[in-house]
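To start, the structure itself, in structure tokens.
Each chain gets a letter, A, B and so on, in the order its sequence line appears, and its residues count up from 1.
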Number of protein chains: 2
Amino acid sequence: MKQYTEEIMDILKANNLRMTKTRMALMMMFLKSEEPLSVSEMLEALSSMKRGVNKTTVYRELEQLQLKGIISTVQLGDRKQYYELASRDHHHHLICLECKQIEDIDMNEEKLLAEEKKMSRKKGFVILRHSLEFFGLCKQCQCQE
Amino acid sequence: MKQYTEEIMDILKANNLRMTKTRMALMMMFLKSEEPLSVSEMLEALSSMKRGVNKTTVYRELEQLQLKGIISTVQLGDRKQYYELASRDHHHHLICLECKQIEDIDMNEEKLLAEEKKMSRKKGFVILRHSLEFFGLCKQCQCQE
DNA sequence: CATGATAACGCAACTCAGTTGCATTTGTCA
DNA sequence: TGACAAATGCAACTGAGTTGCGTTATCATG
Ligand SMILES: [Mn+2]
Ligand SMILES: [Mn+2]
Ligand SMILES: [Zn+2]
Ligand SMILES: [Zn+2]
């Protein structure tokens with residue numbers, strides 16, 4: 001908790017961002033969370049703070065953090081954007097279609113990157129990033145089928 | 001044109017779907033299009049038909065076609081759903097971040113599927129499908145930067 | 001500590017994709 | 001041809017995200 005707070009203050013200082021209650025709370029959520037977060041989840045969590053936080057503020061905050069490269073977005077198949085720390089290395093997700101649980105996965109991408117380069121050359125396309133997500137059923141949800 | 005019409009009527013008959021103007025028009029669009037289509041594009045195109053078509057109808061139609069396995073959806077990073085024929089083999093896309101042009105790509109997925117199986121086993125997750133999209137700049141848009 | 005510049009904030013009104021309920025029209029098949 | 005289900009239109013709604021504008025809080029500087 002205390003070490004988190006200092007870590008966050010360092011990040012904010014390094015990025016010329018003022019320290020505000022909302023900012024601290026969001027950064028804390030990102031550091032603690034195992035899964036990417038949606039805005040509705042953030043608002044839910046922030047609502048327990050005295051006086052709550054307006055959704056506009058959250059959206060503007062996320063824009064800032066993204067601009068500074070502190071967080072990045074993930075698309076997980078529904079209509080929402082999800083956000084997670086950019087400092088977590090590039091990785092992909094396993095998404096349970098049933099319970100919506102999300103797991104980070106760490107896979108070997110060498111072969112994928114090789115294919116990427118080949119295509120890039122063939123089509124004259126410069127590839128800047130890719131999105132790769134896996135959908136299926138987690139252990140628990142398989143049994144209940 | 002004529003051969004398309006018959007092809008479509010066969011598909012519809014095989015799936016117990018009545019033949020309607022909207023349905024024919026949409027199927028025709030899907031058959032002819034090189035790219036996945038968004039609802040706004042479909043409505044745009046359908047608006048030239050006499051009396052146009054209501055967006056509710058289009059959404060309901062897409063639901064039907066998806067249910068019958070005739071079309072499938074793709075997420076391309078914006079807030080819209082895109083639709084394309086499911087009969088096109090499983091493939092991925094190159095998306096130009098500048099001009100929004102979309103290209104189908106056909107790549108070797110063996111290595112990806114191998115990784116998929118490995119992860120699946122390790123995590124006890126059943127993987128049903130994946131989504132893999134590449135973002136970057138097409139040949140034209142690179143020069144204009 | 002005081003204070004001004006400006007970053008951060010709240011609120012209300014808006015956009016845009018997609019959904020729902022209900023009454024009407026249309027396609028199909030007997 | 002008519003009955004019946006499927007398809008349609010319309011209006012009102014939801015939920016995620018955006019915008020303009022006036023107010024408040026943070027923080028560097030003196
Ligand atoms: Mn993650
Ligand atoms: Mn395609
Ligand atoms: Zn699950
Ligand atoms: Zn382009």
Round to a whole Å and report the spacing from [atom1] of [X] to [atom2] of [N].
X        : N       : atom1 : atom2 : value
Leu12(B) : dC29(C) : CG    : P     : 12 Å
Leu67(A) : dA7(C)  : CG    : P     : 13 Å
Leu62(A) : dA16(D) : CG    : P     : 14 Å
Asn16(B) : dA5(D)  : CG    : P     : 15 Å
Leu76(A) : dA16(D) : CG    : C1'   : 15 Å
Gln75(A) : dG17(D) : CD    : C1'   : 14 Å
Leu46(A) : dG10(C) : CG    : P     : 10 Å
Arg18(A) : dA5(C)  : CZ    : P     : 13 Å

| Position toward the 5' end of DNA chain C (nearest nucleotide), Lys55(B) or Lys21(B) |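 Between the two, 5'-proximity favours Lys55(B).
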| said: Let me spell it out: for each of Val39(B) and Met19(B), pick the nucleotide of DNA chain C with the closest heavy atom. Which residue's pick is nearer the 5' end? | reply: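 Final value for this comparison: Val39(B).
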Remember a base hit wins even if backbone is also touched, and classify [X] as base, sugar-phosphate or nothing at under 4.0 Å, heavy atoms.
X        : result
Arg79(B) : sugar-phosphate
Thr56(B) : base
Thr22(B) : sugar-phosphate

| field | Under 3.5 Å donor-acceptor, His93(B) side chain and Ile102(B) backbone | value |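 Pair absent, no side-chain N/O of His93(B) close to backbone of Ile102(B).
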| query | Any donor-acceptor pair under 3.5 Å joining the side chain of Arg60(A) to the base of dG10(C)? | reply |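 Present.
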| query | So does Tyr59(B) get a side-chain nitrogen or oxygen closer than 4.0 Å to the phosphate oxygens (OP1/OP2) of dT19(C)? | reply |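 No, outside the criterion.
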| task | Taking only the side-chain nitrogens and oxygens of Thr57(B), find out if one of them lies under 4.0 Å from OP1 or OP2 of dG9(D). | result |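 Looking at the OP1 and OP2 atoms of dG9(D), one of them is under 4.0 Å from a side-chain N or O of Thr57(B).
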| query | For residues Thr20(B) and Thr22(B), is any side-chain donor paired with an opposing acceptor at under 3.5 Å? | reply |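 Absent: no donor and acceptor within the cut-off.
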| Side chain of Val53(B): nearest nucleotide among dA16(D), dG10(C), dG9(D)? |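 Minimum distance to the Val53(B) side chain belongs to dG9(D).
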State whether the number of non-hydrogen atoms from other residues, nucleotides or ligands found under 6.0 Å of [X] atom [atom1] is greater than 12.
X         : atom1 : value
Asp106(A) : CG    : no
Met49(B)  : CE    : yes
Lys111(B) : NZ    : no

| Closest nucleotide of DNA chain D for Gln81(A) versus for Asn54(B): which of these residues is on the 5' side? |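 Of the two residues, Asn54(B) wins.
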